[in-house]
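The next block holds one structure in the form of structure tokens; read it before the comments.
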Amino acid sequence: MQWIVNSSEMKQLDKNTITHFGMPSLVLMERAALAVVENLPPRLSHGGRHLIVCGNGNNGADGLAVARLLRQRGCGVTVVRSKDSGRRTEENRLQGEILERYGVPIAEDIPQDASFDCVIEALFGIGLSREPQGEAAKWLCAMNRLGGYKVAVDMPAGVSADTGAVYAAAFRADLTVTFAYLKVGQAVYPGAEYCGKTIAAQIGITKESWLGEENRPSCYSLQKSDLNKIPVRAARSNKGTFGKALVVAGGRDMAGAALFCAKAAYRTGCGLVKIYTPEENRAVLQSALPEAVIVTSDSKRQKPEKLFEAVQWADVIAIGPGLGTGKRAQMAVETVLQNASVPVIADADALNILSRNPEWLQHHRQELVITPHFGEMARLGGKSISSIKNTVTETAREFAKQYRVICVLKDAATVTALPDGTMFLNRSGCSALAKGGSGDVLTGVITGLAAQGMPVKAAAPLGVYLHGLAGEYAAEKTGAYGVLAGELADAVSRVIKESGE
């Protein structure tokens with residue numbers, strides 16, 4: 001598991017390292033500068049023409065140290081620093097004096113009509129919390145127009161380290177070298193796109209800098225080693241050992257949604273899957289997935305007795321894929337939420353129904369996982385899609401806390417927020433997942449993990465991560481353009497198999 005921090009956490013870690021452990025700030029700065037230089041492409045770490053644009057804070061001091069190290073390696077360097085407005089830090093002043101003693105002049109503006117092999121931005125780092133103005137905004141636009149390889153020191157200027165929001169003036173990097181830990185704004189979009197490739201370099205700020213086991217970040221990202229959390233399959237077992245999942249899905253002409261969800265639950269390791277769906281879907285589902293038990297919906301009854309019985313039978317329930325939003329679908333959602341005493345994973349049309357009946361969210365009894373995309377989240381939370389796109393972490397976290405749910409807000413970097421404020425930022429996956437049925441598979445994967453006894457607070461983020469790896473695996477075999485949802489479900493079992501080899 002990888003730790004991810006916000007700006008305030010990182011500043012405290014930096015402060016703790018300096019004040020508690022006595023690590024000199026200049027030592028950390030030297031290691032940061034060296035990390036930037038050593039992570040440049042080889043052709044640029046020992047040659048080429050470099051433009052380094054620095055602010056007046058310690059991020060700018062890092063940039064000045066980078067310029068010195070590049071100069072000592074034989075590179076051509078042009079250094080630009082903001083005018084001193086009375087806010088220049090002592091470290092920045094000292095690094096500037098050292099650089100000038102080495103014979104490197106520091107200019108106050110980017111030269112006109114110059115070309116560079118590499119442009120290094122060190123204006124603000126993680127400290128910027130507002131729109132870049134004046135000279136800084138002008139410089140950012142100028143740097144973006146220049147050719148050459150673009151590098152951000154710690155964080156691209158104009159990108160929020162806390163949310164990933166991007167201001168109008170923002171540096172677009174090919175490489176971002178950050179320090180100690182990945183930042184939230186580097187793991188979610190649109191910030192991740194502006195960071196390019198991101199490397200978290202160790203400079204001497206370690207877990208000891210948290211000053212106690214009780215102090216930990218609120219954000220995490222899963223790694224392949226976390227797949228060992230998938231429940232081990234006992235040799236002496238039966239289908240009941242690995243859980244019973246109820247999938248309430250597939251309205252008329254939407255049998256595929258139920259199929260993908262149920263198949264993914266099976267491929268993840270669930271022992272038995274029962275599908276509650278209209279009679280019209282029986283033939284398709286029995287042909288495509290004969291392993292599933294089919295229970296058809298109570299079409300003429302006012303109370304869905306079959307669904308009630310299935311709810312009592314299940315260890316976990318998935319509801320919503322392709323369900324529709326008519327009367328029968330609404331009755332199904334209400335029945336599940338009122339009667340289930342096991343975890344429920346709600347997706348797609350179940351979310352649309354919940355958005356029309358918010359009181360059901362207020363009074364749910366069971367552990368509830370919701371898996372909205374931006375449109376569904378907008379309907380649930382009353383926000384615009386555009387505002388959600390720039391506040392994915394806050395949106396997911398606030399909703400999870402308010403309604404006591406696990407909110408899986410789907411994006412290119414999906415955010416899983418727990419009710420206690422903990423977040424998981426997913427870094428697996430690829431564009432192959434942008435295909436109809438992919439979300440149904442995700443619901444099935446989370447359901448399959450929960451059916452085997454994994455707590456839903458662990459099953460939700462791990463399911464998201466596993467789903468992303470399955471997308472990568474399927475894309476490698478088929479190509480990102482051609483992956484189908486059924487192939488994605490099949491890839492889940494391949495990823496699990498290979499993780500254990």
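Heavy-atom basis, side chains included; hydrogens, waters and symmetry copies ignored.
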(message) Tell me which one of Cys54, Pro132, Ser82 satisfies side-chain contact (heavy atoms from CB on, under 4.5 Å) with Leu123.
(response) Ser82
(message) Looking at Gly421, is its backbone amide N or carbonyl O close enough to the side chain of Arg397 to form a donor-acceptor pair, meaning the two atoms are under 3.5 Å apart?
(response) yes
(request) Would you check, one step at a time, whether the test side chain to side chain contact (heavy atoms under 4.5 Å, CB included) holds for Val151 with Glu121? (result) CA-CA 6 Å; Val151 181; Glu121 180 269 309; over 6 Å; no
(message) Students often mix this up, so state it plainly: with edges at 30° and 60°, are the rings of Tyr181 and Trp3 parallel, tilted or perpendicular?
(response) parallel
(message) To the nearest 0.5 Å, what is the distance between CG on Asn215 and CG on Asn16?
(response) 8.5 Å
(request) Decide if atom NZ of Lys11 counts as having more than 12 heavy atoms of other residues, nucleotides or ligands within a radius under 6.0 Å. (result) yes
(request) Indicate yes or no: does Lys138 engage Asp109 in a salt bridge with an N to O separation below 4.0 Å. (result) yes
(message) Assess the residue pair Asp14 and Ile205 against the criterion (side chain to side chain contact (heavy atoms under 4.5 Å, CB included)); give the C-alpha distance rounded to whole Å, side-chain angles, the decisive distance to 0.1 Å, and a yes or no.
(response) CA-CA 7 Å; Asp14 189 67; Ile205 299 174; 3.6 Å; yes
(request) Look up atom CG in Leu361 and atom OH in Tyr403, then write down how far apart they are to the nearest 0.5 Å. (result) 6.5 Å
(message) Given 3.5 Å as the limit, does a donor-acceptor pair link the side chain of Thr391 with the main chain of Ser387, or not?
(response) yes
(request) Give a yes or no on whether the backbone of Arg49 and the side-chain of Asp117 come within a donor-acceptor separation of less than 3.5 Å. (result) yes
(request) Indicate yes or no: at least one non-hydrogen side-chain atom of Cys219 is less than 4.5 angstrom from one of Met423. (result) yes
(request) Only one of Asn58, Asp62, Thr89, Leu26 passes side-chain contact (heavy atoms from CB on, under 4.5 Å) with Gln95; say which it is. (result) Leu26
(message) Using only atom types and a distance under 3.5 Å, with no angle test, would you say the side chain of Asn228 pairs donor to acceptor with the backbone of Ser225?
(response) yes
(message) Taking the six-membered ring of Tyr102 as reference, does the cationic atom of Arg71 (NZ for Lys, CZ for Arg) lie under 6.0 Å from its centre and within 45° of its axis?
(response) no
(message) Does atom NZ (Lys229) have a neighbourhood of more than 12 heavy atoms from anything else shown, all under 6.0 Å?
(response) yes
(request) Look at the side chain of Asn59 and the backbone N and O of Val153, then say whether any donor-acceptor pair between them is shorter than 3.5 Å. (result) yes
(message) Whether the side chain of Lys183 engages the backbone of Ile126 through a donor-acceptor N/O pair (distance < 3.5 Å, no angle test) should be reported.
(response) no
(request) Output yes when Asp490 and Arg267 qualify as a salt bridge under the 4.0 Å nitrogen-oxygen rule, no when they do not. (result) yes
(request) Report the distance from atom CE of Met377 to atom OG of Ser384, rounding to the nearest 0.5 Å. (result) 12.0 Å
(request) Give a yes or no on whether a salt bridge exists between Lys263 and Asp440, defined as a side-chain N under 4.0 angstrom from a carboxylate O. (result) no
(message) Could you measure the distance from the CD1 atom of Ile199 to the CZ atom of Phe179? Nearest 0.5 Å is fine.
(response) 11.0 Å
(request) May I ask you to establish whether Lys477 and Tyr473 are in a cation-pi arrangement, using a distance under 6.0 Å from NZ or CZ to the six-membered ring centre and at most 45° from the ring axis? (result) yes
(message) Between Glu108 and Arg81, does any NZ, NE, NH1 or NH2 come within less than 4.0 Å of an OD or OE carboxylate oxygen?
(response) no
(message) Glu394 vs Thr163, test: side chain to side chain contact (heavy atoms under 4.5 Å, CB included). Steps then yes/no.
(response) CA-CA 7 Å; Glu394 298 122 297; Thr163 68; 3.3 Å; yes
(message) Any salt bridge linking Glu193 with Arg172? Criterion: basic side-chain nitrogen under 4.0 Å from a carboxylate oxygen.
(response) yes
(message) Run Leu488 and His467 through side chain to side chain contact (heavy atoms under 4.5 Å, CB included) and show every step you take.
(response) CA-CA 8 Å; Leu488 180 60; His467 178 258; 3.5 Å; yes
